[in-house]
J.: 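Before I ask anything, here is the structure I am working with.
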Amino acid sequence: MAKARAQVETVIFGQRDVVDQTLTTVLAGGHALLIGVPGLAKTRLVETLGIVLGLDDKRIQCTPDLMPADIIGAEILEESDDGRRHFRFVKGPVFAQILMADEINRASPRTQSALLQAMQERTVSVGGHTYELPAPFLVLATQNPLEQEGTYPLPEAQLDRFLLQIDVGYPDHDAERRMLLATTGSEDVKVEPVLSGPELIEAQKLLRQIPVGESVVEAILGIVRSGRLETTEVEEVKRHVAWGPGPRASQALMLAARARAVLDGRLSPSIEDVLELAPPVLRHRMALNFAARAEGVSLDDIIQRLLADYR
């Protein structure tokens, strides 16, 4: 994965944390939601990952008029040579190893929900038949900030299917200068594949065998459970949180911590891995109440308070 990181960074400048979190998601076998304003190379990052990891990738541009059949496919009526009619299923772009859903929050809620079964069970059901998706199957979706016009907030159930919410910020001065020179010149930088689908699957299986220390397990449980109104002792959570993270947050944090350790060349995750990955794991699995918004309290403030006891 270190080679994959090096290849990606030849075309993605100044986004080391974003690249690492995305590779962490891929290695953990999860899905990633990349949030940022247009023009921050979110689409380029996903396209580059498809090449570097040697995976079959497809892209859908989400718009308000996109229909579920445009994603998962549809049955069409055909007539054979003997005059008999039958339905044939035409697979949609979801039948890929990496599905890039560009600006996913511009699709209607009905279309967004078409991805729920695919993201959770890695299958698609159409016309009473269930079809297996290719392995590995990863959804890397990009999203514009919700305050922009023409967007639909993703439902909580779908947000919970994303392993990490990766916030993509602006590059610093030096990185933007490199990007400016590289993208406006005549030379086109090419990346090379360093992995294949079967190799990635083996890496994902190996990841689940990595031992995790008891202190790390307790840190994961303590952080996640302290974010719930029913089990927290943190006063800020009681005052400002509407609903907290479910058990899937603990699972995501465990897998992500293991993946981050592997990316750094370590054989076991540490509490530092948990603290580093807790914000992208939790920020889309919690919601603030009206009192928090009225007092100017942000979700990141609450998450940092949850982590304070473990620093």
J.: How far apart are the C-alpha atoms of Tyr310 and Leu275, what are their side-chain angles, what is the distance that settles it, and do they pass the side chain to side chain contact (heavy atoms under 4.5 Å, CB included) test?
T.: CA-CA 8 Å; Tyr310 298 89; Leu275 297 177; 3.9 Å; yes
J.: When hydrophobic residues are tied together by side-chain contacts of less than 4.5 Å, even through go-betweens, does Val274 share a cluster with Leu207?
T.: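 Linked within one cluster.
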J.: Hey, what do you get for NE2 (His284) to CZ (Phe162), rounding to the nearest 0.5 Å?
T.: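 His284 NE2 to Phe162 CZ: 8.0 Å, rounded to 0.5 Å.
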J.: How long is the span from the CG atom in Leu307 to the CD1 atom in Ile302, to the nearest 0.5 Å?
T.: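 Going from CG on Leu307 over to CD1 on Ile302, the span is 11.5 Å.
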J.: Do Asp70 and Ile60 come close enough that some side-chain heavy atom pair is under 4.5 Å?
T.: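 Answer no - side chains too far apart.
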J.: Counting only heavy atoms not in Arg208 (residues, nucleotides, ligands), do more than 12 fall under 6.0 Å from its CZ?
T.: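 Atom CZ in Arg208 is not packed in, count stays at 12 or less.
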J.: Quick one: do the Glu233 and Ser226 side chains pair a donor with an acceptor below 3.5 Å?
T.: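 Side chains of Glu233 and Ser226: no pair found under 3.5 Å.
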J.: If only atom types and distance count, is the side chain of Arg293 paired as donor or acceptor with the main-chain N or O of Leu288 below 3.5 Å?
T.: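 The answer is yes, because a donor-acceptor pair under 3.5 Å joins these two groups.
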J.: With a cut-off of 6.0 Å (strictly less than), are more than 12 heavy atoms of other residues, nucleotides or ligands near CZ of Arg177?
T.: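 For Arg177, atom CZ is not crowded (no more than 12 foreign heavy atoms under 6.0 Å).
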J.: With the 4.5 Å side-chain cut-off for hydrophobic clustering, are Ile303 and Leu221 part of the same group?
T.: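 Yes, it is one cluster - the side chains of Ile303 and Leu221 are joined through contacts under 4.5 Å.
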J.: Check Val94 against Ala118 and note the closest heavy-atom contact, atom names and distance.
T.: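 So the minimum-distance heavy-atom pair works out to CG2-CB, 4.0 Å.
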J.: Does the pair Gln120 and Arg248 meet the rule for a side chain to side chain contact (heavy atoms under 4.5 Å, CB included), with working shown?
T.: CA-CA 11 Å; Gln120 184 63 33; Arg248 194 176 279 120; 3.7 Å; yes
J.: Taking it one step at a time, do Arg178 and Asp174 satisfy salt bridge (Lys or Arg N to Asp or Glu O under 4.0 Å)?
T.: CA-CA 6 Å; Arg178 289 176 58 205; Asp174 292 338; over 6 Å; no
J.: Just checking, any donor-acceptor pair under 3.5 angstrom between side chains of Ser298 and Asp300?
T.: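 No pair is found: no donor N or O on one side chain lies under 3.5 Å from an acceptor on the other.
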J.: Can a donor-acceptor pair be found, under 3.5 Å and without considering hydrogens, that links the side chain of Gln21 to the backbone of Val18?
T.: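 Absent.
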J.: For Lys205, look at atom NZ and say whether over 12 heavy atoms of other residues, nucleotides or ligands are found less than 6.0 Å away.
T.: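 No - once you tally the heavy atoms of other residues, nucleotides and ligands closer than 6.0 Å, there are 12 at most.
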J.: Give me the atom names and distance for the closest heavy-atom approach of Leu163 to Thr25.
T.: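 For Leu163 and Thr25, the tightest heavy-atom pair comes out as CD2-CA, 3.8 Å.
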J.: For Leu138 and Gln97: C-alpha separation, side-chain torsions, deciding distance, then whether side chain to side chain contact (heavy atoms under 4.5 Å, CB included) applies.
T.: CA-CA 6 Å; Leu138 310 165; Gln97 292 174 309; over 6 Å; no
J.: Can you check whether Cys62 reaches Asn105 side chain to side chain, under 4.5 Å on heavy atoms?
T.: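 Of all side-chain heavy-atom pairs linking Asn105 with Cys62, none is under 4.5 Å.
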J.: Can you check whether Arg266's main-chain N or O pairs, donor with acceptor, with Asp264's side chain at less than 3.5 Å?
T.: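 No.
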J.: Take a 6.0 Å sphere around CG of Leu267 and say whether it holds more than 12 heavy atoms from other residues, nucleotides or ligands.
T.: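 Not more than 12 within 6.0 Å, no.
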J.: Crowded around His86 NE2? As in, over 12 foreign heavy atoms under 6.0 Å?
T.: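 Yes, because the 6.0 Å sphere around NE2 of His86 holds more than 12 heavy atoms from other groups.
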J.: Kindly compute the distance separating CD1 (Ile104) from CD (Gln112), expressed to the nearest 0.5 Å.
T.: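 Between Ile104 CD1 and Gln112 CD, I get 6.0 Å after rounding to 0.5 Å.
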J.: Kindly work out whether a path of hydrophobic side-chain contacts (I/L/V/M/F/W/Y, heavy atoms less than 4.5 Å apart) joins Ile35 to Leu115.
T.: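 Same cluster.
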J.: Between the side chains of Ser270 and Glu272, is a donor N or O closer than 3.5 angstrom to an acceptor N or O?
T.: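 The criterion, which ignores hydrogens and geometry beyond distance, is satisfied for Glu272 and Ser270.
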J.: Report the distance from atom CD1 of Ile220 to atom CZ of Arg225, rounding to the nearest 0.5 Å.
T.: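 The CD1 atom of Ile220 sits 14.0 Å away from the CZ atom of Arg225.
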J.: Just so I know, are the side chains of Val168 and Gln15 near enough to count as touching, which here means a heavy-atom distance under 4.5 Å?
T.: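 A side-chain contact exists here, since the closest heavy-atom pair is under 4.5 Å.
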J.: Please step through side chain to side chain contact (heavy atoms under 4.5 Å, CB included) for the pair Ile271 and Ser215, ending with a clear verdict.
T.: CA-CA 8 Å; Ile271 293 180; Ser215 61; 4.3 Å; yes
J.: How many angstroms lie between CD in Glu121 and CD in Glu132, if you round to the nearest 0.5 Å?
T.: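 Atom-to-atom, Glu121:CD and Glu132:CD are 10.5 Å apart.
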J.: Taking all heavy atoms of Gln204 and all of Gly29, pick out the closest pair and write down the distance.
T.: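 For Gln204 and Gly29, the tightest heavy-atom pair comes out as NE2-CA, 3.5 Å.
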J.: Judged by atom type as modelled, is there a donor-acceptor pair below 3.5 Å linking the side chain of Arg88 to the main-chain atoms of Leu77?
T.: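 Judged by distance alone, no pair lies under 3.5 Å.
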J.: For atom CD of Glu295, is the number of surrounding heavy atoms from other residues, nucleotides or ligands below 6.0 Å larger than 12?
T.: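 More than 12 within 6.0 Å, yes.
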J.: Of the non-hydrogen atoms in Phe89 and Val126, which two are nearest, and what is the gap between them?
T.: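 Looks like CE1-CG2, 3.8 Å.
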J.: Give me the atom names and distance for the closest heavy-atom approach of Phe87 to Glu75.
T.: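 Closest approach of Phe87 to Glu75: CD2-CB, 4.1 Å.
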J.: Quick check: are there more than 12 heavy atoms from other residues, nucleotides or ligands sitting under 6.0 Å from CZ of Arg110?
T.: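 Atom CZ in Arg110 is not crowded, with 12 or fewer foreign heavy atoms closer than 6.0 Å.
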J.: Would you compute the distance between atom NE2 of His240 and atom CD of Glu235 and round it to the nearest 0.5 angstrom?
T.: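 So the NE2 of His240 and the CD of Glu235 are separated by 9.5 Å.
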J.: Under a 4.5 Å side-chain heavy-atom rule over Ile, Leu, Val, Met, Phe, Trp and Tyr, are Val217 and Leu282 clustered together?
T.: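 Yes: a chain of side-chain contacts under 4.5 Å links Val217 to Leu282.
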J.: Hey, are the side chains of Phe137 and Ile98 touching, using non-hydrogen atoms and a 4.5 Å cut-off?
T.: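 Not in contact.
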J.: Does any N or O in the side chain of Ser268 come within less than 3.5 Å of the main-chain N or O of Pro211, such that one atom is a donor and the other an acceptor?
T.: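 Side chain of Ser268 to backbone of Pro211, a donor-acceptor pair under 3.5 Å: yes, one is there.
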J.: State, to 0.1 Å, how close Val234 and Arg305 come at their nearest heavy-atom pair, and which atoms those are.
T.: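 Val234 and Arg305 have their closest heavy atoms at CG1-CG, 3.7 Å.
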J.: Kindly indicate whether the side chain of Leu154, heavy atoms from C-beta on, has any atom under 4.5 Å from the side chain of Gln143.
T.: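 Sidechains of Gln143 and Leu154: in contact.
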J.: Check the hydrophobic clustering (I, L, V, M, F, W, Y; side-chain heavy atoms under 4.5 Å; chains of links allowed) and say if Val46 and Ile51 are grouped together.
T.: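 Val46 clusters together with Ile51.
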J.: For Arg59 and Gln61, test the side chains for any donor-to-acceptor distance below 3.5 angstrom and give the result as yes or no.
T.: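 Yes, a side-chain donor-acceptor pair sits under 3.5 Å.
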J.: Are Tyr152 and Pro64 packed together at the side-chain level, in the sense that at least one heavy-atom pair is separated by less than 4.5 angstrom?
T.: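 Tyr152 reaches Pro64 side chain to side chain.
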J.: Between Asp167 and Arg283, is the closest basic N to carboxylate O distance under 4.0 Å?
T.: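 Asp167 and Arg283: salt-bridged.
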J.: Is there side-chain contact between Ile166 and Leu33, with heavy atoms separated by less than 4.5 Å?
T.: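 They are not in side-chain contact.
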J.: Report yes if the side chains of His31 and Gln158 come closer than 4.5 Å at any heavy-atom pair, otherwise no.
T.: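 Of all side-chain heavy-atom pairs linking Gln158 with His31, none is under 4.5 Å.
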J.: Is the count of non-hydrogen atoms from other residues, nucleotides or ligands lying under 6.0 Å from Arg161 atom CZ greater than 12?
T.: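 Yes.
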